[in-house]
Number of protein chains: 2
Amino acid sequence: MSKDIHNRLEEIIAVAEPGERLLSEPKLAEQLGVSRATLREAMRTFETQGLLRRRQGVGTFVVRPTRVIESGLEVLESIETLADRIGLSVTMGELQISKCRLDNATAKLMQLSLDTEAICVSRVILAEGRPVAYLVDTLPGGYLSSEEMANEFTGSVLDLMLKRGTPLLESARSEIKAVAAKPDVSRALNIQRGDSVLLFESLLFTLEGLPIDYSLSYFLPGYFKFHVVRRVG
Amino acid sequence: MSKDIHNRLEEIIAVAEPGERLLSEPKLAEQLGVSRATLREAMRTFETQGLLRRRQGVGTFVVRPTRVIESGLEVLESIETLADRIGLSVTMGELQISKCRLDNATAKLMQLSLDTEAICVSRVILAEGRPVAYLVDTLPGGYLSSEEMANEFTGSVLDLMLKRGTPLLESARSEIKAVAAKPDVSRALNIQRGDSVLLFESLLFTLEGLPIDYSLSYFLPGYFKFHVVRRVG
DNA sequence: CAGTGGTCTAGACCACACG
DNA sequence: GTGTGGTCTAGACCACTGA
């Protein structure tokens, strides 16, 4: 029964020093008496918990997640703001900005026509060098200039607009999902395809009630704690 | 490249009639020109979207998810209440009630001593015969009698207490996570081990602010839509 | 270059459902 | 019993990293 493998792996991780490298997959699999596929399956849980970090061509390392980025969902704040508050430094990587076309569903959500020119911004947020979130924003053209993006953008469309003061923002409506990481997500977050990630699909509104930003935010579960208070009646 | 497989599977599902059975895994794998393992990997996404339903010993079936159970997170309501509102009938299965001991973390959360007698209630919620949620509640002993459970319990601890009127309930604090299904969860929800599910880890409080119920709620993503409004500043 | 993780394959055995 | 999905194995090849 490979529930054992899970427990034995847990033990191995528990006694390892932070930063320690595990045996290579073939060796570890042999030592545990299971196939490599089974071992990798068992590793999945610990990866999404942020306890293991795999690096292709290098090895698998034990990680001690530092502080967890915690947030109540009632307030809209960027990851950078949240991280700042607990004194955690985050950086941005793999920034890609491109003009893009809206697909049908997105156009409908944003109340735009299909031929609206739009800008897609994708990037990875790293905490202590580890990718922890993958964000993709889609905005109608005209809200972001290329100079602004080059000079001011630090990872958050929200922060940029708040700093700029225009347009005035009011709220975001987010849909919360759990999804299996597709190839683009698993690559960006450095996890296995099919691993579980938390996805916020959000629409950001201005004070006038205009949708101004459609975003997909993929979060590595182990590094974030989102909570919400739900009232009876 | 097995991204193709994903798309081809998508196409197969799209043109299939609801309720239609797919070819068996070995046959379908051969037809698509991939191994069974690869095919199963590709199937994962569609399972958690609720588009495929696998039944051991029977086959894999195409499902058209009917209505999605949608809820804002600000208000605490049971799945039964939400389903009722959209006219969807849900039933309860695999009810298990047992006395249990608190583990360390749970005891701390509930502000109880480790030797407190507690009751664990687990059950599966089915919508149209399909398991869509797996709920595990832990309560200190004394709140639920066995007669009540036998006669009144329809799947929701919340509804039972609200109906009874005591203790008076105020709110729940929920932590939202994405997790890979462990064996117990995958069995209960009829999905593959490691599939992504949405997990709410909640603590329910009385009007006096006493924690009275600790619950883990695992949701099959495709059948639920949770949303929340997040305000700026 | 050698060694790592990422992916895929072919085949096996099991537990289960149904006739 | 027969056929299904659930799980595991052994082995292969690739892409990537770092010396």
Side-chain angles (χ1 to χ4, degrees), chain A residues 1-6 8-9 19-48 51-63 94 129-131 180-195, chain B residues 1-6 8-9 20-48 52-63 94 129-131 180-195:
Chain A
M1 182 52 167
S2 77
K3 181 66 174 298
D4 299 335
I5 299 302
H6 188 275
R8 291 169 68 189
L9 235 190
E20 189 175 328
R21 204 187 75 175
L22 296 184
L23 289 178
S24 72
E25 294 185 351
K27 285 177 188 164
L28 188 53
E30 187 187 359
Q31 182 176 314
L32 293 175
V34 297
S35 71
R36 207 180 139 208
T38 303
L39 171 63
R40 283 173 64 82
E41 168 71 35
M43 284 176 150
R44 288 188 112 122
T45 315
F46 301 106
E47 292 173 58
T48 57
L51 294 171
L52 288 182
R53 165 91 190 270
R54 325 169 70 111
R55 295 171 62 189
Q56 185 173 0
V58 186
T60 302
F61 299 83
V62 174
V63 180
E94 299 191 28
R130 210 279 184 226
K182 300 200 174 173
D184 59 327
V185 178
S186 61
R187 209 179 309 119
L189 292 180
N190 206 278
I191 56 180
Q192 286 184 50
R193 259 187 9 195
D195 280 357
Chain B
M1 180 52 166
S2 77
K3 180 66 175 298
D4 299 333
I5 299 303
H6 189 276
R8 290 169 66 188
L9 237 189
E20 189 174 330
R21 205 186 76 177
L22 296 185
L23 288 179
S24 72
E25 293 186 352
K27 286 177 187 164
L28 188 53
E30 188 187 358
Q31 182 176 313
L32 294 175
V34 297
S35 71
R36 207 180 137 205
T38 303
L39 171 62
R40 283 173 65 82
E41 168 72 35
M43 284 176 151
R44 288 187 112 123
T45 315
F46 301 107
E47 291 173 59
T48 58
L52 288 183
R53 164 91 191 269
R54 326 170 70 112
R55 296 171 62 187
Q56 185 171 0
V58 186
T60 302
F61 299 82
V62 174
V63 180
E94 298 191 28
R130 210 274 185 231
K182 300 201 174 167
D184 59 328
V185 178
S186 61
R187 211 177 310 119
L189 291 181
N190 205 281
I191 56 179
Q192 286 185 49
R193 260 187 9 195
D195 280 357

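Predicted, not measured: the structure shown is a model, and the values here were computed from it. Below, chains carry the letters A, B, ... as their sequence lines are ordered, and counting in each starts from 1. Hydrogens, waters and symmetry mates are skipped; everything else that's a heavy atom, side chains included, is used.
In this structure, CD1 of A:I191 is placed 15 Å from C1' of C:dG5, rounded to the nearest angstrom. For the pair A:Q192 CD and C:dT7 C1', the interatomic distance rounds to 10 Å; values are reported in whole Å. Per the geometry, CZ belonging to A:R21 stands 11 Å off C1' belonging to D:dT17, to the nearest Å. One atom, CE of B:M43, and another, P of D:dT4, lie 12 Å apart when rounded to the nearest Å. A:N190 places its CG atom 17 Å from the P atom of C:dT4, with the value rounded to the nearest Å. Atom CG in A:L52 sits about 11 Å away from atom P in C:dG6, given to the nearest Å. Rounded to an integer number of Å, the gap from NE2 of B:H6 to C1' of C:dT7 is 16 Å.
With sequence neighbours left out, the side chain to side chain contact (heavy atoms under 4.5 Å, CB included) criterion links A:E30 to no other residue. For the ring pair (Phe, Tyr, Trp, His ring centres under 6.0 Å) test, no residue two or more places apart in sequence or in another chain qualifies with B:F61. Legend: residues meeting side-chain hydrogen bond (donor to acceptor under 3.5 Å, both in side chains) with B:T60, ordered by chain and number and at least two apart, are absent. Residues satisfying the side-chain hydrogen bond (donor to acceptor under 3.5 Å, both in side chains) test with A:T45, not counting sequence neighbours, are none. Legend: residues meeting side-chain hydrogen bond (donor to acceptor under 3.5 Å, both in side chains) with B:R53, ordered by chain and number and at least two apart, are absent. In terms of the salt bridge (charged side-chain N to carboxylate O under 4.0 Å, His left out) criterion, residue partners of A:R54 (sequence neighbours excluded) are, by chain and number, A:E25, A:E47. Partners of B:E20 according to the side chain to side chain contact (heavy atoms under 4.5 Å, CB included) rule, which considers only residues two or more places apart in sequence or in another chain, are B:A16, B:E17.
Considering every non-hydrogen atom in both A:A42 and A:I5, the closest pair reads CB-CG2, 3.8 Å.
For residues 22-32 of chain B, proximity to DNA chain C is found at no residue, defined as any non-hydrogen atom under 4.0 angstrom from a strand atom.
In terms of modelled atom types and a separation under 3.5 Å, the side chain of B:R130 and the main chain of B:L189 share a donor-acceptor contact.
For the pair A:E41 and B:G59, nearest-nucleotide mapping onto DNA chain D gives the more 5' position to B:G59.
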Which protein N or O atoms sit under 3.5 Å from an N or O of nucleotides 9-14 of chain C?
{"residue": "C:dT9", "atom": "OP2", "partner": "B:S35", "partner atom": "N", "Å": "2.7"}
{"residue": "C:dT9", "atom": "OP2", "partner": "B:S35", "partner atom": "OG", "Å": "2.9"}
{"residue": "C:dT9", "atom": "OP2", "partner": "B:T38", "partner atom": "OG1", "Å": "2.5"}
{"residue": "C:dA12", "atom": "N6", "partner": "B:R36", "partner atom": "NH1", "Å": "3.1"}

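Axis orientation changes by 10° from one end of the helix from C:dC1-D:dG18 to C:dC18-D:dG1 to the other, with each end axis drawn from 5 pairs and the value rounded to 10°.
A sub-4.0 Å separation between OP1 or OP2 of C:dT4 and a side-chain N or O of A:R55 is absent. Residue B:R54 places at least one side-chain N or O closer than 4.0 Å to OP1 or OP2 of D:dG6. Checking the phosphate oxygens (OP1, OP2) of D:dC16, no side-chain nitrogen or oxygen of A:R187 falls inside 4.0 Å.
Of the candidate nucleotides C:dG5, D:dT7, C:dC18, C:dG5 has the atom lying nearest to any side-chain atom of A:R40.
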Working for side chain to side chain contact (heavy atoms under 4.5 Å, CB included), residues A:L28 and A:M43 | CA-CA 11 Å; A:L28 188 53; A:M43 284 176 150; 4.1 Å; yes
Go through A:V185 and A:D195 one step at a time and tell me if the side chain to side chain contact (heavy atoms under 4.5 Å, CB included) criterion holds.
-> CA-CA 10 Å; A:V185 178; A:D195 280 357; over 6 Å; no
Under the side chain to side chain contact (heavy atoms under 4.5 Å, CB included) rule, what do A:L52 and A:V63 come out as? Steps first, then yes or no, please.
-> CA-CA 6 Å; A:L52 288 182; A:V63 180; over 6 Å; no
